[in-house]
Protein chains: 2
Amino acid sequence: MKAKLLQFQQYLHRAGLKATRQRELIARAFFATTTHVSAEGLYRQVGGRNPRIGLVTVYRTLKLLKNAGLAHERQFGDGRGLFEHASSERHHDHIICTECGKITEFASCEIEALQEQIVRRLGFSIQYHKLELYGLCRDCGANVSRGPGKVSAIVAG
Amino acid sequence: MKAKLLQFQQYLHRAGLKATRQRELIARAFFATTTHVSAEGLYRQVGGRNPRIGLVTVYRTLKLLKNAGLAHERQFGDGRGLFEHASSERHHDHIICTECGKITEFASCEIEALQEQIVRRLGFSIQYHKLELYGLCRDCGANVSRGPGKVSAIVAG
DNA sequence: ATATCTGCAAAGACTTTGCAACCGC
DNA sequence: GCGGTTGCAAAGTCTTTGCAGATAT
């Protein structure tokens, strides 16, 4: 993770931006996450243990991380952006439980290959993709018909 | 398209809701769309030719259409919801040009089959999926390096 | 020293909700 | 007539922006 922080700082330097204390703390917290964080979530993690880092700065730093190519932003339909490391991006997609909201990652090279084929056939050049499957996870599939889920979960490994 | 309107009205009846003039007009306009509409967009189409139909009612009716299983809401990352017919939903996904925003639809049964496999392997039962490919379309791929702001680039080597 | 940053508050974009008047059934 | 519905305005989310004071280089 040290490496990514360094990459970020190099990016800042190259872009003529400053490596501030806040940016380092936010980036560090971001790289420490295991899955998908919202700006708000990262803010709570950082703000908890550090002196007054504003939510606004978290948003701005996440945008920098995106520009640096170190973060990807996703939208899983709940209206807000969730961020994840760019490096963990390699060949993985998401399956989201519509009941409890749990997000599981998976990878499929076969699917990726097919995507490439299709895209080429349509004259597009692919940059990236999002594949999201929605359904019931094992647990929720068992307990059918049970109130509103929405338990944000976050299952830290 | 008549059929879908009827389905909607049947849904309303079944749910003890009323088939109002506004709902019919909005549903009609929605079924007349060919691709993806935002609430705002549908509002403009309807509002233009009809007496005072509020944006709020469009939102509410789109929600009803979703509940009726006649519409699907998608989020392509620009922050707002886009709606499309559920019936055109059969086996198709999207490829979005990151340059001009053009959305093209495509279908792949092979990919769908693979998805099913994966999902089952993970213990999930699939309800629906979203596959979005992002890249440059033929036109934009030709005129490289032209974009407006958007050029995040800088990809750390 | 100075141009960039920060944090607060305020604005913005999109969507939902409260409420009095309204209209299907 | 009753209960759902409408449209306005207001509130609610999530995110961005304006600005004065603070800070990295």
Side-chain angles (χ1 to χ4, degrees), chain A residues 5 8-27 29-30 36-44 46-48 50-68 71-83 101 148 150 152, chain B residues 5 8-27 29-30 36-44 46-48 50-68 71 73-83 149-150 152:
Chain A
L5 188 59
F8 182 47
Q9 289 168 340
Q10 287 172 348
Y11 163 79
L12 291 174
H13 187 261
R14 237 179 305 133
L17 304 175
K18 294 177 180 172
T20 65
R21 184 177 52 85
Q22 289 92 328
R23 283 177 181 165
E24 177 177 335
L25 291 171
I26 293 167
F30 174 67
H36 313 82
V37 231
S38 62
E40 180 76 28
L42 196 57
Y43 169 62
R44 277 197 299 268
V46 170
N50 292 293
R52 335 209 84 254
I53 290 188
L55 175 58
V56 185
T57 301
V58 174
Y59 272 106
R60 288 193 276 227
T61 302
L62 280 169
K63 186 172 284 184
L64 289 177
L65 285 163
K66 277 204 304 189
N67 291 347
H72 279 293
E73 184 173 2
R74 307 209 165 262
Q75 304 242 164
F76 291 122
D78 54 349
R80 63 192 185 154
L82 292 181
F83 297 82
K150 273 302 176 187
S152 41
Chain B
L5 189 59
F8 182 46
Q9 288 168 340
Q10 287 172 346
Y11 164 80
L12 290 175
H13 187 262
R14 236 179 306 130
L17 305 175
K18 293 176 180 173
T20 65
R21 182 177 53 83
Q22 290 92 328
R23 283 178 180 167
E24 177 177 336
L25 291 172
I26 293 167
F30 174 67
H36 314 82
V37 232
S38 63
E40 179 76 29
L42 197 56
Y43 169 62
R44 275 197 302 267
V46 171
N50 292 294
R52 338 209 81 255
I53 290 188
L55 174 58
V56 185
T57 302
V58 174
Y59 273 107
R60 286 193 276 228
T61 303
L62 280 169
K63 186 172 285 186
L64 289 176
L65 285 163
K66 278 205 303 189
N67 291 347
E73 185 174 2
R74 306 210 164 260
Q75 305 242 163
F76 291 123
D78 54 349
R80 62 190 187 159
L82 292 182
F83 297 83
K150 274 299 173 193
S152 48

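Numbers restart at 1 for each chain; the letters A, B, ... are given by sequence-line order, proteins then strands.
Straight-line distance from the CG atom of A:Asn67 to the P atom of D:dT16: 11 Å, rounded to whole Å. With rounding to whole Å, A:Leu17 atom CG is found 12 Å from D:dA24 atom C1'. If you take CZ of A:Arg23 and P of D:dA24, they are 11 Å apart, rounded to a whole angstrom. Taking atom OH of residue B:Tyr43 and atom P of nucleotide D:dT6, one finds them 14 Å apart after rounding to whole Å. If you take NE2 of A:His13 and P of C:dC5, they are 13 Å apart, rounded to a whole angstrom. Between the CG atom of A:Leu64 and the P atom of C:dT4 there is a distance of 13 Å, given to the nearest Å. Note: CG (A:Leu25) to P (D:dA24) measures 12 Å, nearest angstrom. A:Ile53 places its CD1 atom 13 Å from the P atom of D:dT23, with the value rounded to the nearest Å.
Distance from the side chain of B:Lys18 is smallest for D:dG3 among the nucleotides C:dC5, D:dG4, D:dG3.
Residues satisfying the side-chain hydrogen bond (donor to acceptor under 3.5 Å, both in side chains) criterion with B:Lys18, sequence neighbours excluded, are absent altogether. For the side-chain contact (heavy atoms from CB on, under 4.5 Å) test, residues two or more places apart in sequence or in another chain that qualify with A:Glu40 are A:Ser38, A:Tyr43, A:Arg44, A:Leu55.
Look at A:Arg52 and you'll find a side-chain N or O under 4.0 angstrom from OP1 or OP2 of C:dC8. Side-chain N/O atoms of B:Gln22 include one lying less than 4.0 angstrom from OP1 or OP2 on D:dG7. The shortest distance between the side-chain N/O atoms of A:Arg21 and the OP1/OP2 oxygens of D:dA24 is not below 4.0 Å. Considering only side-chain N and O atoms, A:Thr20 lies nowhere under 4.0 angstrom from the phosphate OP1 or OP2 of D:dA24.
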Polar pairs (N or O, both sides) under 3.5 Å between protein and nucleotides 14-18 of chain C?
unit_1: C:dT15; atom_1: OP1; unit_2: B:Gly81; atom_2: N; d: 2.8
unit_1: C:dT15; atom_1: OP2; unit_2: B:Tyr59; atom_2: OH; d: 2.3
unit_1: C:dT15; atom_1: O5'; unit_2: B:Tyr59; atom_2: OH; d: 3.1
unit_1: C:dT16; atom_1: OP1; unit_2: B:Lys63; atom_2: NZ; d: 3.4

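B:Val37 and B:Leu42 get closest at one heavy-atom pair: CG1-N, 3.8 Å. Residues A:Val46 and A:Ile26 approach most closely at CG2-CA, 4.0 Å, considering heavy atoms. B:Ala39 and B:Val58 get closest at one heavy-atom pair: O-CG1, 3.6 Å.
With a 4.5 Å cut-off on side-chain heavy atoms, B:Gln9 and B:Tyr11 do not count as touching. Residues A:Leu64 and A:Phe8 form a side-chain contact, since some pair of their non-hydrogen atoms from C-beta on lies under 4.5 Å apart.
For the pair B:Leu12 and A:Ala19, both in contact range of DNA chain D, the more 5′-proximal nearest nucleotide belongs to B:Leu12.
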